[in-house]
Amino acid sequence: MKRARKRSLVTGGAGFLGSHLCERLLAAGADVLCVDNFFTGSRDNIRHLLGHPNFEVMRHDVTFPLYVEVDEIWNLACPASPIHYQHNPVQTVKTSVHGAINMLGLAKRTGAKILQASTSEVYGDPAVHPQPEEYRGNVNPIGIRSCYDEGKRCAETLFFDYHRQNGVNIRVARIFNTYGPRMHPNDGRVVSNFIVQALRGEAITLYGDGSQTRSFCYVDDLIEGLIRLMDAPDDVIGPVNIGNPGEFSIRELAEQVRRLTGSSSPFELRPLPADDPMQRRPDITRARRLLGWEPQVPLAEGLARTIAYFTEVLGVTPAAAANPG
């Protein structure tokens with residue numbers, strides 16, 4: 001019997017993206033089961049949701065099977081920053097691969113729709129620019145980033161094979177760099193790094209000469225794209241790039257952060273990490289055509305909101321950052 005209220009399972013629901021997704025689903029009237037092992041997720045991200053009558057939290061690792069009754073599954077569980085996913089690379093692969101198998105098995109048993117939060121990292125250090133979904137990537141299978149890159153690539157394989165072999169109703173989103181409130185201050189990602197360093201008056205670290213490029217999507221835009229993909233007709237399975245096609249060099253980002261915080265932090269150049277992509281920009285033609293989606297929040301506006309969040313978390317002010325000590 002169909003439930004009156006849709007029941008949504010969000011793995012990694014206490015993480016940066018997961019917590020925003022839980023919030024949106026609750027606002028839309030769903031029952032939400034947030035599953036997280038709290039390796040990188042935080043109760044602080046979902047604390048404001050804990051009293052909601054339609055919200056439930058379960059501490060669980062997706063590398064083990066889960067037996068619940070749900071209508072849709074959002075598989076976001078996996079450390080997504082290099083610092084975290086390289087901490088235990090074998091566990092990272094298990095989270096992507098075993099986690100996908102377990103969640104796909106749950107979807108097969110319950111008849112639930114299931115969305116995989118894949119990543120632009122499946123393209124590796126791309127030889128095609130911008131990156132369309134048809135591009136098969138340039139990935140090092142034995143490098144220090146491989147646990148994440150290849151884990152996510154294998155998860156996509158599993159999703160499509162479960163769809164072809166078992167008729168599972170899948171969606172695959174390839175997420176490009178996303179930023180916003182609730183990012184972990186110490187996750188090593190470029191936006192949080194720069195903002196935290198600028199607010200504390202520390203040197204802003206640029207790897208290489210800062211000429212490598214990224215495309216930054218504000219979290220609200222990203223979540224809207226995921227929801228539209230899940231709600232799309234059943235023949236829209238993906239993969240679909242979800243990201244902002246605006247392209248900025250890392251140095252340009254650092255300069256914007258320094259300006260918006262009022263910081264006088266100097267730049268400090270460091271060697272480029274192994275296998276770090278030199279350019280990354282999504283081709284979102286497919287998302288525009290199939291989902292009617294494109295990002296709405298400009299970088300400066302999104303950075304201002306994110307800076308306001310970190311200002312509160314760190315207990316500093318942008319003005320203080322301009323005059324440290």
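All figures in this text were calculated on a predicted structure; none of them were measured in a lab. Only this structure's heavy atoms are used, side chains among them; waters, hydrogens and symmetry mates stay out.
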Around atom [atom1] of [X], are there more than 12 heavy atoms from other residues, nucleotides or ligands closer than 6.0 Å?
| X | atom1 | value |
| --- | --- | --- |
| E134 | CD | yes |
| R47 | CZ | yes |
| E312 | CD | no |

Would you find a donor on one side and an acceptor on the other, under 3.5 Å apart, between the side chain of [X] and the backbone of [Y]?
| X | Y | result |
| --- | --- | --- |
| K108 | Y162 | no |
| D283 | Q131 | no |
| N138 | G124 | no |
| N166 | V168 | no |
| Q212 | Y207 | yes |
| N88 | Q91 | yes |
| S118 | R174 | no |
| N177 | F216 | no |
| W74 | G13 | no |

Minimum heavy-atom separation for [X] and [Y], please, with both atom names.
| X | Y | result |
| --- | --- | --- |
| R288 | P245 | NH2-CG, 4.1 Å |
| P65 | Y67 | CB-OH, 3.6 Å |
| T261 | A198 | OG1-CB, 3.5 Å |
| P130 | P132 | O-CD, 3.1 Å |
| L17 | I223 | O-CD1, 3.7 Å |
| G238 | F160 | O-CZ, 3.4 Å |

Kindly compute the distance separating [atom1] ([X]) from [atom2] ([Y]), expressed to the nearest 0.5 Å.
| X | Y | atom1 | atom2 | result |
| --- | --- | --- | --- | --- |
| H20 | L222 | NE2 | CG | 10.0 Å |
| L206 | E268 | CG | CD | 9.0 Å |
| L26 | C22 | CG | SG | 6.5 Å |
| N241 | C217 | CG | SG | 11.5 Å |
| S96 | D149 | OG | CG | 10.0 Å |
| C34 | I46 | SG | CD1 | 4.0 Å |

Go through the steps to decide whether S263 and L199 satisfy the test side-chain contact (heavy atoms from CB on, under 4.5 Å), and finish with yes or no.
-> CA-CA 7 Å; S263 174; L199 287 173; over 6 Å; no
Quick check: is [Y] connected to [X] through a chain of hydrophobic side chains (ILVMFWY, heavy atoms under 4.5 Å apart)?
| X | Y | result |
| --- | --- | --- |
| L269 | M278 | no |
| V139 | I175 | no |
| I250 | M183 | yes |
| L272 | V191 | no |

Using a strict threshold of under 4.0 Å (side-chain N to carboxylate O), is an ion pair present between [Y] and [X]?
| X | Y | value |
| --- | --- | --- |
| R153 | E150 | yes |
| E56 | R7 | yes |
| R171 | E72 | no |
| E224 | R24 | yes |
| D220 | R305 | yes |
| R270 | D209 | no |

Is there a side-chain contact between [X] and [Y] in this structure, where contact means two heavy atoms from C-beta onward sitting under 4.5 Å apart?
| X | Y | result |
| --- | --- | --- |
| P185 | V313 | yes |
| S8 | V70 | no |
| H52 | V32 | no |
| D36 | V57 | no |
| V196 | F310 | yes |
| V240 | V172 | no |
| V62 | H98 | no |
| L49 | E23 | yes |

side-chain contact (heavy atoms from CB on, under 4.5 Å) between K113 and I170, worked out | CA-CA 6 Å; K113 278 195 294 187; I170 66 166; over 6 Å; no
For M103 and L115, run side-chain contact (heavy atoms from CB on, under 4.5 Å): C-alpha distance rounded to whole Å, both residues' side-chain angles, the deciding distance at 0.1 Å, then the answer.
-> CA-CA 10 Å; M103 291 305 108; L115 180 143; over 6 Å; no
Is there a side-chain contact (heavy atoms from CB on, under 4.5 Å) between E255 and R259 once you walk through the steps?
-> CA-CA 6 Å; E255 288 168 349; R259 176 176 58 81; over 6 Å; no
Would [X] and [Y] count as having a side-chain donor-acceptor pair, cut-off 3.5 Å?
| X | Y | result |
| --- | --- | --- |
| R182 | S19 | yes |
| N244 | S215 | no |
| Q197 | T205 | yes |
| N75 | Q116 | yes |

Matching residue for Y179 among F248, Y218, F16 - test: ring pair (Phe, Tyr, Trp, His ring centres under 6.0 Å) =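 Output: one option passes, namely Y218.
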Can R258 be said to sit on top of F267's aromatic six-ring, NZ or CZ under 6.0 Å from centre and within 45° of the ring axis?
->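 The answer is yes, since R258 meets both limits relative to F267.
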Go through D31 and R5 one step at a time and tell me if the salt bridge (charged side-chain N to carboxylate O under 4.0 Å, His left out) criterion holds.
-> CA-CA 6 Å; D31 275 334; R5 184 183 289 115; 3.7 Å; yes
Carefully, step by step, assess S265 and E202 under the rule side-chain hydrogen bond (donor to acceptor under 3.5 Å, both in side chains).
-> CA-CA 6 Å; S265 294; E202 301 168 354; over 6 Å; no
Reference residue T213; test side-chain hydrogen bond (donor to acceptor under 3.5 Å, both in side chains); the match among H129, E247, E252 |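 Between T213 and the candidates, side-chain hydrogen bond (donor to acceptor under 3.5 Å, both in side chains) is satisfied uniquely by E247.
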Show the numbers, then the answer: is there a salt bridge (charged side-chain N to carboxylate O under 4.0 Å, His left out) between D125 and R145?
-> CA-CA 11 Å; D125 187 5; R145 299 170 69 103; over 6 Å; no
Please write out which residues are connected to V122 in a hydrophobic cluster, directly or through intermediates, given that two of Ile, Leu, Val, Met, Phe, Trp, Tyr count as joined at side-chain heavy-atom separations below 4.5 angstrom.
->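 Taking Ile, Leu, Val, Met, Phe, Trp and Tyr as members, V122 shares its hydrophobic cluster with Y123, V128, Y135, F176.
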